Amino acid sequence: MGNISPEKIRNVVIAGHGGSGKTLLAESILYTTGAVNRLGSIEDGSTTSDYSKDEISRKISINSSVLNTHWEDYKLNIIDTPGYTDFTGSVKSSMRIMDTALIVVNASEGVEVGTEIAVNYAKEYGIEVCFVVNKLDYEKSDFDSAMSQLKENYGSHVAELQFPVNQGFGFDSIVDVLKMKLLKFNPDGKGDYTEHDIPDALKEKANALHQELIEIVAEEDEEMMSRFFDEGGTLTEEELIEGLSREIKAKKILPVLCTAGLAGVGVKPLTEFICKYCPSPLDAAPFMAKKTGGEDYVEVAPDPNGAPAVFIFKTLSEPHVGEMSFFRVLSGSVGAGVDLTNQNRNKVERLTQIFQMNGKNRKDMTTAVTGDIGAVVKLKDTHVNNTLTGKNLNVMIDPIIFPEALIEQALQSKQKGDEDKIASGLAHLHEEDPTFLFHFDPELGQTIISGQGELHLSIIIARLKEKYGVEVNIVQPKIPFRETIKGKVEDVEYKHKKQSGGHGQYGHVHLRVEPQKRGVGFEFANEVVGGAIPTKFIPAVEKGVVEALVKGPVAHYPVVDVKVTVHFGSYHDVDSSEMAFKIAGAQAFKKGFLEAKPVLLEPIYEIEVTVPEAFMGDVMGDISSRRGKISGMDANGKMQIIKATVPLAEIHDYATKLRSITQGRGIFKRRFSHYEEVPKEIELKVVAEAQKEQEAAH
Ligand SMILES: Nc1nc2c(ncn2[C@@H]2O[C@H](COP(=O)(O)OP(=O)(O)OP(=O)(O)O)[C@@H](O)[C@H]2O)c(=O)[nH]1
Ligand SMILES: [Mg+2]
């Protein structure tokens, strides 16, 4: 096949709530357009998109999959994204580089949290939204209810272009209110259909919707509006088609179509609709980019004859596929064998071979033109969010901002000596999935992994075992407590004196130990007068105290916010040494600290929870039971935003708990805020635990 022209490319990301039938709908598009010769099934694990081992065994999508097919002289690039909120990062990255979001709504459930998240991302990136009410062959389907929820949530410009005739078991007919025809589908699932006149019983409804469509189209455009009135409250067919097409591209109208992916009903008309009405890459807004090495912004417009620029949005490493980087051509075109400069890394990379992908199957491509999606075998040093360009175009596309981590766990290797393999496995997994993060925390002595939810992290652990052959245990991350004091001790004394045979040891200090304001840190002062301690030994006293701060006297956590003043002492001409004063300083400090009303501090996080109003009571009750303090409430449409501060110790499992109390509809963000005193009963537990660890270590 020769090169496709950019105006004939359609880039569509399929997104929506978990289980709404996205993967099967994508499969049905491939099948009904002839890209695959059988309709794969979720149950058999044979879809083009959900090909990885964990997707097959769990029967859900986990990764985004890049697919493509052709219809007439159009090329459709499709990305099928996962619906579970744990994998929302790949929805975001796909929305960033596609032109239309096909948002799949389950006909028996209506608008769900996954629908809302997907629409929000599409709006964030300013791409066209097209709704598909799917699974209409399902017994409990309720198209009208889904439709009214869509209007209620997304406004009056949600345009009903089709409605089902016989939803539920045996569903095979749709009324198309744009063409004003009834479409009846063959029962073999191949998607072929015949067009019929609309039966009398449905005419009135079809006419009313056709008129509504005309009004929506006319309303959006002044010129259309005046023609509408000139023509007595209507538009000609051509005017309607032209107006609808223009306003969809301008993102003013959100069309709704009907499908049952499993039965192939509505799928061909959907494909046709995407090709005829949805934006091509040339209609897309320019990508914003920074000039390399500077702060100035420039636009990278979709210019087929411009300098080549590609943006990497995904990388993958799979046993049967190898290591691949996926890109969108933003401008110009790239051919196999071309050299491009990675602007973020300042390295030249050669695209030896270019592929177009259908799940794990790849096919050679000679050239990728503006707007097309392709893949290359792993480049030397190219990662997600990198921009590769030809000569004379030195720009970096604004990166995809991935969602922040919501949950943390600590891992321990099961086998001693596996540490290096674990670290390199985790690094690879992060490279493929930027929403998965890890680091070694030297204070806690733990490797901390973080991500979007328990399912997300358990999949990471399973992949670590499968791909990198290492097994780990998951434990709770330790809490980075701090120790400080509330009281002041004017004078605490320690004399370090040893007389064993020859050279003795002598160091004697008097300290004042007092609290500082939270966050001020540690301060040391010297008020010794008259040479009670020679000046040359003062730094040793300070050193002793500073070393004692690392492992606090109460439970071995770092000490913060104290002031220590050395104000008196004594020395011995022969036996005094730096070592002796260091020991005296440390011991006096420990003694004084324990007398000065020591307390334990714990990290407090600020959380911002967004939930539908109905769940407010439960969510607030749960926050209180986690020792949380509500600090504010706000409304955002139908959602309530609750702000609170909660101790870190109480929010490890919050992502999971919030989803369970809100039926998946609640989302939250978290951020470290400050340290606060731990309640006594918890302090006692922490101290007991520290003592146990100390004993075990000896
Ligand atoms: N009856 C019926 N079942 C369907 C249809 N589409 C999908 N299913 C079934 O619904 C389940 C979920 O389908 P998927 O295609 O995996 O849904 P998904 O939206 O991709 O799910 P995630 O990617 O995990 O969010 C599977 O058991 C499918 O067989 C449909 O049109 N009709
Ligand atoms: Mg899926």
Side-chain angles (χ1 to χ4, degrees), residues 12-32 36 38-52 54-67 78-92 94 101-118 121 131-143 146 162 164 166-174 185 187-191 257-270 359-360 452-453 455-456 459 659 664:
V12 178
V13 44
I14 304 186
H17 196 77
S20 51
K22 300 177 290 298
T23 297
L24 207 58
L25 182 63
E27 184 74 11
S28 187
I29 295 175
L30 297 185
Y31 178 57
T32 55
V36 298
R38 63 178 276 249
L39 183 76
S41 104
I42 302 290
E43 282 62 31
D44 299 348
S46 56
T47 60
T48 313
S49 167
D50 286 357
Y51 63 83
S52 75
D54 38 14
E55 291 177 314
I56 292 171
S57 66
R58 291 173 196 258
K59 301 196 194 323
I60 55 166
S61 302
I62 293 170
N63 313 308
S64 58
S65 286
V66 178
L67 314 166
I78 300 169
I79 301 186
D80 173 32
T81 64
Y84 284 86
T85 30
D86 283 45
F87 315 116
T88 168
S90 68
V91 182
K92 217 176 167 192
S94 308
L102 207 62
I103 301 205
V104 180
V105 176
N106 187 337
S108 30
E109 303 292 340
V111 172
E112 298 176 86
V113 67
T115 323
E116 289 163 9
I117 293 173
Y121 284 156
F131 292 109
V132 185
V133 179
N134 186 38
K135 286 194 176 185
L136 277 160
D137 59 338
Y138 202 67
E139 260 172 274
K140 290 186 191 140
S141 294
D142 188 346
F143 178 79
Q162 299 174 338
N166 56 341
Q167 61 184 327
F169 188 70
F171 169 60
D172 68 351
S173 301
I174 290 171
F185 291 79
D188 58 8
K190 290 186 180 160
L257 288 92
C258 300
T259 53
L262 185 63
V265 177
V267 178
K268 277 193 171 178
L270 170 66
K360 64 174 186 288
Q452 296 295 309
L455 179 62
H456 184 202
I459 280 165
R659 274 175 205 164

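All residue numbers refer to positions in the sequence shown, counting from 1. Order of listing sets the numbers, starting from 1, for every ligand and every atom in it. Keep in mind it's a predicted model, so treat the numbers as computed, not measured.
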Legend entry - Pair L67-S49, side chain to side chain contact (heavy atoms under 4.5 Å, CB included): steps then yes or no: CA-CA 7 Å; L67 314 166; S49 167; 4.3 Å; yes
Inset, instruction - Classify the contact between I42 and ligand 1 as side chain, backbone, both or neither, using a heavy-atom distance cut-off of under 4.0 Å. - result: side chain
Inset, instruction - Find all atoms of ligand 1 within a distance of less than 4.0 Å from any non-hydrogen atom belonging to G18, and give their numbers and elements. - result: 25 (O)
Legend entry - G83 N/O to ligand 1 N/O under 3.5 Å: yes
Legend entry - K140 atom NZ: more than 12 heavy-atom contacts under 6.0 Å: no
Legend entry - D86 and R659, any side-chain heavy atoms less than 4.5 Å apart: yes
Legend entry - Nearest protein heavy atom with distance in Å, relative to atom 18 (P) of ligand 1: K22 N, 3.4 Å
Inset, instruction - Output the list of atoms in ligand 1 that are nearer than 4.0 Å to some heavy atom of T23, sorted by atom number. - result: 15 (O), 18 (P), 20 (O), 23 (O)
Inset, instruction - Check whether any N or O atom of D50, backbone or side chain, sits under 3.5 Å from an N or O atom of ligand 1, and answer yes or no. - result: no
Inset, instruction - Please confirm whether L24 comes within less than 3.5 Å of ligand 1 when only nitrogen or oxygen atoms on both sides are compared. - result: yes
Legend entry - Ligand-residue contact atoms, ligand 1 with G19, heavy atoms, under 4.0 Å: 12 (C), 17 (O), 18 (P), 19 (O), 21 (O), 22 (P), 25 (O)
Legend entry - Atoms in ligand 1 flagged as close to E43, the criterion being non-hydrogen separation under 4.0 Å: 26 (C), 27 (O), 29 (O)
Inset, instruction - Look only at the side chain of E55 and the backbone of I62, and say whether a donor-acceptor pair between them is shorter than 3.5 Å. - result: yes
Legend entry - Side-chain heavy atoms of N106 within contact of H17, under 4.5 Å: no
Inset, instruction - Check whether any N or O atom of L262, backbone or side chain, sits under 3.5 Å from an N or O atom of ligand 1, and answer yes or no. - result: yes
Inset, instruction - For the residue pair K22 and S61, establish whether any side-chain heavy-atom pair is separated by less than 4.5 Å. - result: no
Inset, instruction - Check each atom of ligand 1 against the heavy atoms of I60 and keep those under 4.0 Å away; list them by number with element. - result: 24 (O)
Legend entry - N or O contact, S61 vs ligand 1, cut-off under 3.5 Å: yes
Legend entry - Contact check, side chains of R38 and S46, non-hydrogen atoms, under 4.5 Å: yes
Legend entry - Min side-chain heavy-atom separation I117-V91 under 4.5 Å: no
Inset, instruction - Ignoring angles and geometry beyond distance, decide whether K135 reaches within less than 3.5 Å of ligand 1 through its nitrogen or oxygen atoms. - result: yes
Inset, instruction - Return the residue, atom name and 0.1 Å-rounded distance of the protein heavy atom closest to atom 17 (O) of ligand 1. - result: G21 N, 3.1 Å
Inset, instruction - Please indicate whether any nitrogen or oxygen in G261 is less than 3.5 Å from any nitrogen or oxygen in ligand 1. - result: yes
Legend entry - Angle subtended at the Mg ion (ligand 2) by T23 OG1 and S61 OG, rounded to 10 degrees: 90°
Legend entry - V111 and E116: CA distance, side-chain angles, deciding distance, side chain to side chain contact (heavy atoms under 4.5 Å, CB included) verdict: CA-CA 7 Å; V111 172; E116 289 163 9; 4.0 Å; yes
Legend entry - Trace of the side chain to side chain contact (heavy atoms under 4.5 Å, CB included) decision for V267 with Y31: CA-CA 10 Å; V267 178; Y31 178 57; over 6 Å; no
Inset, instruction - Could you walk me through whether R58 and D50 pass salt bridge (Lys or Arg N to Asp or Glu O under 4.0 Å), step by step? - result: CA-CA 10 Å; R58 291 173 196 258; D50 286 357; over 6 Å; no
Inset, instruction - Output the list of atoms in ligand 1 that are nearer than 4.0 Å to some heavy atom of Y84, sorted by atom number. - result: 24 (O)
Legend entry - Matching residue for T23 among T47, T81, D80 - test: side-chain hydrogen bond (donor to acceptor under 3.5 Å, both in side chains): D80
Inset, instruction - Determine, using heavy atoms of E27 and all atoms of ligand 1, whether some pair is separated by less than 4.0 Å. - result: no
Inset, instruction - Using distance alone, decide if ligand 1 has a nitrogen or oxygen within less than 3.5 Å of any nitrogen or oxygen in S20. - result: yes
Inset, instruction - Name the closest protein heavy atom to atom 32 (N) of ligand 1, giving the residue it belongs to and the distance to 0.1 Å. - result: D137 OD1, 2.8 Å
